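Written out below as structure tokens is the structure these notes cover.
The model shown is predicted, which means the values in this text are computed figures rather than measured ones.
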Amino acid sequence: MGMTDNQYKDFVEAMKENLVELHEYKEAGDDAGFEKKYGRIMERLEKSLNR
């Protein structure tokens, strides 16, 4: 089952927001926040790949 153009666009926008947030954690020196967010992103991607 594929994604519609709108679903793909939403996915890309969400990933961009996540990357911006990761960058903000790194810039602020918040390693704990960075690791937590990174872990959630990776977990979500793994779940999607295993469907």
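In this structure, Val12 is a member of the same hydrophobic cluster as Leu19, with clusters built from ILVMFWY side-chain heavy atoms closer than 4.5 Å.
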When you look at Glu24 and Asp30, which way does the side chain to side chain contact (heavy atoms under 4.5 Å, CB included) test go after all the steps? CA-CA 9 Å; Glu24 290 171 355; Asp30 183 358; over 6 Å; no

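Between Phe11 and the options Met15, Glu13, Gln7, a side chain to side chain contact (heavy atoms under 4.5 Å, CB included) holds for only Met15.
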Tell me which donor-acceptor pairs under 3.5 Å the side chains of residues 32-49 have, and how far apart each pair is, sequence neighbours excluded?
residue : atom : partner : partner atom : Å
Lys37   : NZ   : Asn18   : OD1          : 3.0
Lys37   : NZ   : Glu21   : OE1          : 3.1
Ser48   : OG   : Arg44   : O            : 3.2

